[in-house]
Amino acid sequence: MRILGINGSPRIGGNTDILLDRVLEGARANNADTDKIILNNLKFSPCQECESVNNEGECVIKDDMHDLYKKIKDADVIALASPIFFGSLSAQTKIMVDRFQCLWRLKYILNKDTGYKRKKGVFVSVEGSDREDFFDNARSIVKNLFATINAEYTEELFCSKVDEKASILKHAGCLKKAFELGARLTRG
Ligand SMILES: Cc1cc2nc3c(=O)[nH]c(=O)nc-3n(C[C@H](O)[C@H](O)[C@H](O)COP(=O)(O)O)c2cc1C
């Protein structure tokens, strides 16, 4: 069981990072292999709506997204984590999502098999406020991504009222839920 955590926050050691780590710890405690990608550490461009694209579902821009495509393709579970920024996903996360347009085209326009392994997808997010509609916006985008990468949107974990760096450490309930979510990912 390979679980890929993707952190879309620029703040290393911040709330998203800590919460995602807790999910991955729960998975490792149940013998899963885990890997974590920090999008802010990758070099990749936003989608350029290229005029000439190939029909194999591969983006023609050559950058760090190509390693990530492969990891996402082969993972059994994707745990995507993003803070809420301006009522939506972080820019880092949204840029990654848009780079799946090539796969979306392969699947929904060309009606071809993408070759992406069937997987589970979970979405983890934090926000400074307590506005549920911000999570609604982010969830809607993540559901679109998950459908494209052949991931079933199985679970989500949202923690509100966490703003200062690492202040999520004071939210024992969220951390516990994250660990338990990670453990559940390894079952079935
Ligand atoms: C650019 C930016 C935009 C933000 N926008 C929102 C927002 O729309 N709603 C909200 O509740 N919190 C917002 N926040 C607060 C973050 O969601 C909050 O601080 C979160 O804990 C950051 O997570 P991190 O430590 O993983 O980066 C924003 C923070 C930043 C830096």
Side-chain angles (χ1 to χ4, degrees), residues 2-29 32-48 63-65 67-68 71-72 75 77-100 119-146 149 151 153-185:
R2 272 175 298 178
I3 302 190
L4 178 65
I6 301 174
N7 177 7
S9 169
R11 197 152 65 167
I12 311 298
N15 298 316
T16 310
D17 203 26
I18 291 169
L19 202 58
L20 178 60
D21 279 348
R22 215 43 75 96
V23 171
L24 299 177
E25 278 166 33
R28 277 197 301 276
D33 285 335
T34 66
D35 191 6
K36 185 173 83 171
I37 301 292
I38 295 171
L39 293 178
N40 206 48
N41 289 347
L42 304 186
K43 293 208 176 348
F44 63 106
S45 135
C47 175
Q48 299 298 306
D63 60 15
D64 288 354
M65 271 305 293
D67 278 346
L68 188 54
K71 285 184 184 223
I72 291 177
V77 179
I78 302 295
L80 178 60
S82 171
I84 295 296
F85 280 0
F86 274 84
S88 185
L89 299 172
S90 69
Q92 288 83 350
T93 312
K94 184 60 166 56
I95 289 171
M96 178 200 72
V97 171
D98 289 352
R99 287 291 299 277
F100 279 92
K119 56 188 96 255
K120 288 187 200 172
V122 298
F123 177 42
V124 172
S125 188
V126 298
E127 64 173 1
S129 71
D130 61 355
R131 294 246 323 239
E132 287 196 9
D133 55 321
F134 292 150
F135 292 129
D136 292 342
N137 289 339
R139 177 199 290 117
S140 170
I141 301 166
V142 171
K143 282 190 170 178
N144 273 313
L145 170 72
F146 282 2
I149 63 172
Y153 188 99
T154 53
E155 291 211 47
E156 59 189 22
L157 175 61
F158 300 151
C159 298
S160 298
K161 297 187 188 167
V162 283
D163 213 358
E164 279 171 38
K165 185 173 183 179
S167 57
I168 198 150
L169 291 172
K170 295 182 204 143
H171 294 244
C174 279
L175 299 176
K176 183 168 181 283
K177 280 184 189 166
F179 187 90
E180 289 168 353
L181 190 163
R184 274 196 305 281
L185 290 176

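The chain is numbered in sequence order, starting from 1. Every number for a ligand or one of its atoms is a count from 1 in the order of the listing. Side chains are part of it too, since the values below use all heavy atoms of this structure and drop only hydrogens, waters and symmetry mates.
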Inset, instruction - Report yes if the side chains of Ile78 and Lys119 come closer than 4.5 Å at any heavy-atom pair, otherwise no. - result: yes
Legend entry - Test disulfide bond (SG atoms under 2.5 Å apart) applied to Cys159 - qualifying residues, sequence neighbours left out: Cys174
Inset, instruction - Non-hydrogen atoms closer than 4.0 Å to ligand 1: which protein residues do they belong to? List them by chain and number, please. - result: Ser9, Arg11, Gly14, Asn15, Thr16, Pro83, Ile84, Phe85, Phe86, Gly87, Val126, Glu127, Gly128, Ser129, Phe134, Val162, Asp163
Inset, instruction - Measure the shortest side-chain to side-chain distance between Asn40 and Ser9 over non-hydrogen atoms and say whether it is less than 4.5 angstrom. - result: no
Inset, instruction - Please test Ile168 against Leu175 for side chain to side chain contact (heavy atoms under 4.5 Å, CB included), starting from the C-alpha separation and ending with a verdict. - result: CA-CA 8 Å; Ile168 198 150; Leu175 299 176; 4.3 Å; yes
Legend entry - Phe123 side, atom CZ; Leu145 side, atom CG - distance, nearest 0.5 Å: 10.5 Å
Inset, instruction - Let me know which of Leu157, Leu19, Thr154 forms a side-chain contact (heavy atoms from CB on, under 4.5 Å) with Leu181. - result: Leu157
